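Structure first, then comments.
For ligands, and for the atoms within them, numbers begin at 1 and follow the listed sequence. The figures here come from the full heavy-atom set of this structure, side chains too, leaving out hydrogens, waters and symmetry mates. The shown structure was predicted, so the numbers you read here are calculated from the model rather than taken from an experiment.
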Amino acid sequence: MTTKPASVVTIERHIIEQERLHPEATGAFSNILYEIALAAKIISREVNKAGLVDILGGTESVNVHGEQVKKLDLYADEVIFKALDHGGLLCCLASEEHEHVLDIPPQFPTGKYVLLYDPLDGSSNIDANVSVGTIFSIHRKISDHPRGSLEDCLQAGRRQVAAGYVVYGSSTMLVYTTGAGVHGFTLDPSIGEFLLSHPNIRIPRPGQRIYSVNEGNWSRWSDGQRRFIDYLKGVDSRNDKPYSSRYIGSLVADFHRTLLYGGIFMYPADTKSPNGKLRLLYEAAPLALIAEQAGGRGTDGERDILDIQPESLHQRTPLYLGSRELVDLAGEYLARDRMEVPAGVGA
Ligand code: AHG
Ligand code: MN
Ligand code: MN
């Protein structure tokens with residue numbers, strides 16, 4: 001649980017206070033966070049009136065992953081890009097909605113950071129007025145390319161300088177970490193400010209007994225994954241108190257609940273998606289950093305997400321996020337799959 005702060009702390013004030021923790025900070029990093037907060041306010045306004053204007057529904061286009069692109073996906077993607085393309089803060093960007101690295105337009109200066117983002121997460125739910133979100137990850141530029149490169153994007157999650165998400169739900173919240181804890185801000189639309197509402201978020205221990213996974217994929221799961229779900233359901237005698245199942249189908253909403261209540265979110269590998277469905281760079285890695293900073297953990301069922309070296313911009317990964325004990329227990333069940341495969345059989 002977090003205690004309500006005594007005074008009104010805007011996200012701008014909080015970012016400045018976080019910047020003071022990094023004496024080498026030049027302010028550019030803080031400006032990136034300001035611009036993301038501004039973009040979030042603009043996206044929130046559109047999401048919250050989506051039902052009233054012709055911004056729902058799909059576009060004719062299909063994105064690089066063969067998925068129908070929703071109008072709000074494109075809108076959110078452009079709002080974020082336009083908020084950050086001109087300030088000389090970034091050397092390049094990468095978005096779920098674009099196959100390749102996004103260059104800073106030539107008329108603008110470049111900076112020393114990289115932004116990776118999922119502009120609208122859970123967009124298949126938007127027409128049903130279910131919570132959706134934005135996820136972002138910030139790295140330092142590491143290449144000597146003057147205007148950024150793929151190399152600057154393909155960095156392990158542990159090198160992130162900041163990560164966060166916005167959840168557009170019953171209220172709009174922005175949650176972020178710069179490596180000094182996890183802090184949540186709630187948008188007060190009457191003044192257009194994100195106000196600190198959840199300082200120093202920690203995943204509760206013991207957390208609520210909640211597991212979150214799309215059980216429709218059961219037939220494609222490994223034996224270990226099925227045995228873990230049976231354990232959580234109390235099907236076997238080792239667990240006499242079944243967990244509750246909660247699955248919204250928007251990663252940001254399912255993760256936000258897991259962060260505040262505890263439990264585990266899973267998107268396992270399966271026979272149809274051997275690397276799972278979710279993206280390493282702009283879904284798994286930022287949320288794994290937040291989970292770890294809040295006392296939890298994020299793995300691919302075996303390795304810490306933050307230790308995985310990305311090889312491509314949109315690579316997928318199985319994902320287990322939440323209470324450390326449950327993520328570790330899932331790993332134990334899955335490890336038995338690996339042990340049962342006789343040496344030399346299968347990849
Ligand atoms: P996005 O809308 O950015 O493509 O993400 C959708 C993801 C994620 O939000 C959610 O956890 C997952 O899709 C749900 O997938 P299933 O419908 O297969 O359960
Ligand atoms: Mn997503
Ligand atoms: Mn998306």
Open item on the list: Just checking R158: does its CZ atom have more than 12 heavy atoms from other residues, nucleotides or ligands closer to it than 6.0 angstrom?
Closed with: yes

Task: Salt bridge R257-D254, side-chain N to carboxylate O under 4.0 Å - done: yes

- [ ] Say whether L278 and ligand 1 are in contact under the criterion: heavy-atom distance to a ligand atom below 4.0 Å.
- [x] yes

Task: Pair E17 + R13, salt bridge at N-O below 4.0 Å - done: yes

TODO: Consider ligand 1: state whether an atom of it lies below 4.0 angstrom from any non-hydrogen atom of D254.
DONE: no

Task: Metal proximity, E96 vs the Mn ion (ligand 2), N/O/S cut-off 2.8 Å - done: no

Task: hydrophobic_cluster_shared for L289 and I15, side chain cutoff 4.5 Å - done: no

Task: 4.0 Å heavy-atom contact, S124 with ligand 1 - done: no

Open item on the list: Any N/O/S atom, side chain or main chain, of L120 closer to the Mn ion (ligand 3) than 2.8 Å?
Closed with: yes

Open item on the list: I'd like to know if the side chain of E193 pairs up with that of T10 as donor and acceptor (distance under 3.5 Å, no hydrogens or angles considered).
Closed with: no

Open item on the list: With a 4.0 Å cut-off on heavy atoms, is E283 in contact with ligand 1?
Closed with: yes

- [ ] Identify, by name, the N, O or S atom of D118 lying closest to the Mn ion (ligand 3).
- [x] OD1

Open item on the list: Below 30° counts as parallel, above 60° as perpendicular, anything between as tilted: where do the rings of H314 and Y282 land?
Closed with: perpendicular

- [ ] Indicate yes or no: does an N/O atom of V252 lie under 3.5 Å from an N/O atom of ligand 1?
- [x] no

Open item on the list: Centre-to-centre under 6.0 Å for F228 and Y333, is that the case here?
Closed with: yes

- [ ] Measure N214 to ligand 1 on non-hydrogen atoms and call it side chain, backbone, both or neither using the 4.0 Å cut-off.
- [x] side chain

Open item on the list: Is it the case that ligand 1 has an N or O less than 3.5 angstrom from some N or O of L251?
Closed with: yes

- [ ] Using a strict cut-off of 4.0 Å, indicate which atoms of ligand 1 neighbour a heavy atom of E96.
- [x] 1 (P), 3 (O), 4 (O)

Open item on the list: Residue-level breakdown please: for D118 versus ligand 1, do any non-hydrogen atoms fall below 4.0 Å on the side chain, on the backbone, on both, or on neither?
Closed with: side chain

Task: Side chain, backbone, both or neither: S250 near ligand 1, heavy atoms under 4.0 Å - done: backbone

